[in-house]
Engineer: 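The structure is given below, and queries will be raised subsequently.
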Amino acid sequence: MDGGPDTLEGDDVAAQQLRAEQLVVDDVYARLDALRTEARAQLEQVRSTPTGGTHQARSERDSFATLYADRLATYDAVEQRLLFGRIDVHEGGRLVQRYVGRIGMSDAEHTPVLTDWRAPAARPFYQATAANPAGVVRRRHVATRDRVVTGVEDDVLDVDRLDDETRAGLSGEGALLAALGEHRTGRMHDIVATIQSEQDEIIRSALDGVLVVQGGPGTGKTAVALHRAAFLLYAHRERLARSGVLLVGPSHAFLRYIERVLPALGETGVVSTTMATLLPDVVAGAHEQPAVARVKGRASMAGVIARAVAARQRVPERTQTVRVGSHELEIRPDDVAAARSRARRAHQPHNAARTVFVRQMLQVLARQYAQALSSEVSGEDMAGIVEDVRVERDVRVALNLLWMPLSPEGLLRDLWSKPHRLAEAAPGMSARDRALLARDPGAPWTEADVPLLDEAAELIGERIDPERDRAQAQAEAQRKAEIAYARESMQASGAGGGMVSAETLAARFADTGPSLTTAERAAADRSWTYGHVVVDEAQELSPMAWRVLLRRCPSRSFTVVGDTGQTSSGAGAHRWGDVFDPLVRGSWRLAELTVNYRTPRSVMDAASAVLAAACRRDGVTPPEHAIVSARDLPGALRVAAGSLEQEVALARELGGTVAVVAPVEAVPRLRERLNAPGVDLTAPLVVLDPVESKGLEFDAVVAIDVGRMARGDAYVTMTRATRRLTLMGDQPAGLPVE
Ligand SMILES: Nc1ncnc2c1ncn2[C@@H]1O[C@H](COP(=O)(O)OP(=O)(O)OP(=O)(O)O)[C@@H](O)[C@H]1O
């Protein structure tokens, strides 16, 4: 059939299709340019308005400047692959063509020309299948580069309803396979053009409640979590833009790896962090032994912290005396117990309740002092006497020892460095576990300390600083007034349905303080509560870490993605029910992803076999669901024949990125040997330990001594490659024999 008339005809049809789509793409970009010009002109006009006038006039001007600047930023962010799909769908008795893109746009006459991928009307683009076409006759993927149509790919969903002309114009082998075959760059890309139907279900799932997404390696959990964040911000902007969305990832390298995805989807209102950096003032960079992390992560540690705080609210065994002037006053156990009960009844955090305790004790002591002075005391005199007692150093020291002002860091440092403190707070803990927790008072914090510091901060409350409290109250009142004003002016002008909220505007342009977005303010504030929280690699989080995150989102609106087969933290989860039943029984739901879009089939099958063997060895149940790979490549799994240098050179011949993954203790030596320092994912070669490689992917991976790795680490290491996995050194048990 080489070069026959049929082929020529096919080529002509394909060229015709490209030309037809190019006309549509030209129109859509022309509209984008017009909107850009309009926004730029509006921005210039606002900026050229004189800057004088009242504070409110300035605030209004700045609000609009931000609005237009944000619009411009969005238009710039969607420049590449603005339009990527089309559906031909039967609606109301006729066949409608609808184009799908990164944002929605209408022409000057308000006729829609492009449907936002998140809008309900775009849903059939992702959901329609041959078994359930939902009126869609054809789905077309339109590939573009720099505004030029480079290809069209068709899925026919309802062949019977296809007319002859359309049938002749069908083309394409599959946009998904083309996307999967691309070289990796060290940065994650959005998958907006090729979201699969099981993924789309999750992305558009309801906002409320805890949605847990379990999926094997490469099933798109990270991609789905990020697209869901963008979808939720689109569908629930009013609710979420004000409170923000928190994204928790496993490492900074991972956050850098994904950082371009949300802006490319037009979203900037997301705070991304790791558990180690969640607290604004705490640097938790030290490594923790898994056995220690396991103890620190137990839910029972909440009780330990609570007892440690309560132990700082003491009742003395015997009466003590304090000297005020020339008189001795008594601090009696009964009086202290009564003052403590009263302070505890106030249900305030420790530092705030301390004020109640001290006030009560001062009254008791002042009455004794008045009696000692044996004078008749009027109400006014009494205030003076309380003051006389309060300023006495002896009294201050004695009351401090009974109800010490605390800081979370001080409390935890004492617990770890003073065995009697830990014994007092953790009477039920074994001596072995207590010994595991012991360390020097100057030791740096670890990630496992963060939830405990947060728990302590919750019970202790703010540090005592009256000056700062006054300043904060003033700033808050000012901010509220500005938000109210920004909201009014946005409503009056009909603006603000899009990218910014009144709060964002008010905060950025407040005369006092720095210009901060909602996301920036949220990140700097420990007590901020978010509208939604997304957690990736969620299997690694301990019960104590979950308590922290639940506090960050009282509405309990979560997207949690992870794989219990990949757990490597000592405190992590092996069953989702173990995590969420105790915390949110009845209000969590499970969704599953089953297709691996990263790892070639032969490699995935080998990784699954190794995981199953390791589960048998460790006496745990292997994962129930087999993961199916979307594609395979010949020679994807290789057992090394040459030296490390030779194997790395071979891997590099594939093009794209290469990672050497090895047990943590071998990493420094290998980095030196291969001259690949640091974790720069855009470098052609990186050396990582299994935990650092979590969530990442590379064209080729050279895995060293997988046989010596823990179960989860081995599985993670074996599933990072998109093209080839080379195994060197100790081989894992369970590898299928060739
Ligand atoms: N629908 C899709 N279209 C194109 N590419 C996809 C799709 N779904 C996932 N991918 C690609 O598959 C790869 C794996 O996705 P992702 O990292 O989100 O998986 P994961 O489940 O988080 O993996 P892991 O748990 O192993 O870290 C990425 O390169 C992603 O872009």
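Counting convention: from 1, in listed order, for ligands and their atoms alike.
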Engineer: Charged N to carboxylate O under 4.0 angstrom, Arg589 versus Glu201?
Structural biologist: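 Not counted as a salt bridge, because no side-chain N and carboxylate O are separated by less than 4.0 Å.
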Engineer: Show me the donor-acceptor pairs within less than 3.5 Å that the side chains of residues 602-619 make with the rest of the protein, sequence neighbours left out.
Structural biologist:
{"unit_1": "Ser602", "atom_1": "OG", "unit_2": "Asp632", "atom_2": "OD1", "d": "3.4"}
{"unit_1": "Ser608", "atom_1": "OG", "unit_2": "Met604", "atom_2": "O", "d": "3.0"}
{"unit_1": "Asp618", "atom_1": "OD2", "unit_2": "Arg711", "atom_2": "NH1", "d": "2.7"}

Engineer: Give the residue and atom name of whichever protein heavy atom lies nearest to atom 10 (N) of ligand 1, and the separation in Å to one decimal.
Structural biologist: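 Looking only at protein heavy atoms, the one closest to atom 10 (N) of ligand 1 is Tyr597 CB, 3.7 Å.
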Engineer: Out of Arg720, Glu697, Lys221, whose heavy atom sits nearest atom 26 (O) of ligand 1?
Structural biologist: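 Shortest heavy-atom distance from atom 26 (O) of ligand 1: Arg720.
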Engineer: Do Arg139 and Glu153 sit within salt-bridge range, that is, some charged N less than 4.0 Å from a carboxylate O?
Structural biologist: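 No salt bridge links Arg139 with Glu153.
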Engineer: So, Glu697 and Arg720, do they make that salt bridge, N to O below 4.0 Å?
Structural biologist: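 No, this pair does not count.
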Engineer: Taking non-hydrogen atoms only, is Lys694 closer than 4.0 angstrom to ligand 1 via side chain, backbone, both or neither?
Structural biologist: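 Neither; no heavy atom under 4.0 Å.
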Engineer: Which heavy atom of the protein is the closest neighbour of atom 8 (N) of ligand 1, given with residue, atom name and distance?
Structural biologist: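 Residue, atom and distance for the closest contact: Gln199 NE2, 3.0 Å.
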Engineer: Is the shortest N/O to N/O distance between Thr719 and ligand 1 below 3.5 Å?
Structural biologist: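 For ligand 1, there is no N or O atom that lies under 3.5 Å from one belonging to Thr719.
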Engineer: If we only count N/O pairs under 3.5 Å, is Arg184 in contact with ligand 1?
Structural biologist: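 Yes.
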Engineer: Can you tell me the protein heavy atom closest to atom 3 (N) of ligand 1 and the distance?
Structural biologist: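 Nearest neighbour among protein heavy atoms for atom 3 (N) of ligand 1, to 0.1 Å: Thr194 OG1, 2.7 Å.
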Engineer: Any heavy atom of Gly695 closer to ligand 1 than 4.0 angstrom?
Structural biologist: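 Gly695: in contact with ligand 1 (<4.0 Å).
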Engineer: Need the ligand 1 atom indices (1-based, order shown) with element for anything under 4.0 Å from a heavy-atom of Gly220.
Structural biologist: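 Close to Gly220: 9 (C), 15 (O), 16 (P), 18 (O), 19 (O), 20 (P), 21 (O).
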Engineer: Judged on heavy-atom distance to atom 18 (O) of ligand 1, which of Pro217, Ala193, Ala223 sits nearest?
Structural biologist: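 Going through Pro217, Ala193, Ala223 one by one, Ala223 has the nearest heavy atom to atom 18 (O) of ligand 1.
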Engineer: In ligand 1, which numbered atoms sit nearer than 4.0 Å to a non-hydrogen atom of Glu537?
Structural biologist: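 It comes down to these atoms of ligand 1: 27 (O).
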Engineer: If you measure from the Lys or Arg side-chain nitrogens to the Asp or Glu carboxylate oxygens, is any gap between Glu537 and Lys694 under 4.0 Å?
Structural biologist: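 No, no charged N to carboxylate O under 4.0 Å.
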Engineer: Counting only pairs under 3.5 Å, give me each side-chain donor-acceptor contact of residues 115-122, with atom names and distances, residues two or more places apart or in other chains.
Structural biologist:
{"unit_1": "Asp116", "atom_1": "OD1", "unit_2": "Arg118", "atom_2": "N", "d": "2.8"}
{"unit_1": "Asp116", "atom_1": "OD1", "unit_2": "Arg118", "atom_2": "NE", "d": "3.1"}
{"unit_1": "Asp116", "atom_1": "OD2", "unit_2": "Arg118", "atom_2": "NH2", "d": "3.3"}
{"unit_1": "Arg118", "atom_1": "NH1", "unit_2": "Ala230", "atom_2": "O", "d": "3.2"}
{"unit_1": "Arg118", "atom_1": "NH1", "unit_2": "Glu267", "atom_2": "OE2", "d": "3.1"}

Engineer: Nearest 0.5 Å, what's the CZ-NE2 distance between Arg81 and His141?
Structural biologist: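 If I round to the nearest 0.5 Å, the distance is 11.0 Å.
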Engineer: Under 4.0 Å from a heavy atom of Gln196: give me the atoms of ligand 1 that qualify, with their elements.
Structural biologist: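 What qualifies from ligand 1 is 1 (N).
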Engineer: Is Arg598 close to ligand 1, meaning an N/O of one under 3.5 Å from an N/O of the other?
Structural biologist: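 N/O-N/O distance under 3.5 Å: yes.
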Engineer: Going by an N to O cut-off under 4.0 Å, is there a salt bridge joining Arg708 and Glu665?
Structural biologist: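 Looking at Glu665 together with Arg708, the answer is yes, because their closest N to O distance falls below 4.0 Å.
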Engineer: Does ligand 1 have an atom under 4.0 Å from some heavy atom of Thr219?
Structural biologist: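 The answer is yes: ligand 1 sits under 4.0 Å from a heavy atom of Thr219.
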Engineer: Among the heavy atoms of Ile195, does any lie under 4.0 Å from an atom of ligand 1?
Structural biologist: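 Within the 4.0 Å threshold, so yes.
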Engineer: For Arg140, is there an ion pair with Asp154 - N to carboxylate O distance below 4.0 angstrom?
Structural biologist: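 A salt bridge is present here (some side-chain N lies under 4.0 Å from a carboxylate O).
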Engineer: Would Ile191 count as being in polar contact with ligand 1, using the rule that some N or O on each side must be under 3.5 angstrom apart?
Structural biologist: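 No - when backbone and side-chain N and O of Ile191 are compared with those of ligand 1, no distance drops under 3.5 Å.
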Engineer: Any non-hydrogen atom of Gly216 lying under 4.0 Å from ligand 1?
Structural biologist: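 In this structure, Gly216 qualifies as a contact of ligand 1 - some heavy atom is under 4.0 Å.
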Engineer: May I ask you to decide if the ring planes of Tyr234 and Phe231 are parallel, tilted or perpendicular, using 30° and 60° as cut-offs?
Structural biologist: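 It falls in the tilted class, 30° to 60°.
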Engineer: Any Lys/Arg nitrogen of Asp190 or Arg102 sitting under 4.0 Å from an Asp/Glu carboxylate oxygen of the other?
Structural biologist: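 Salt bridge present between Asp190 and Arg102.
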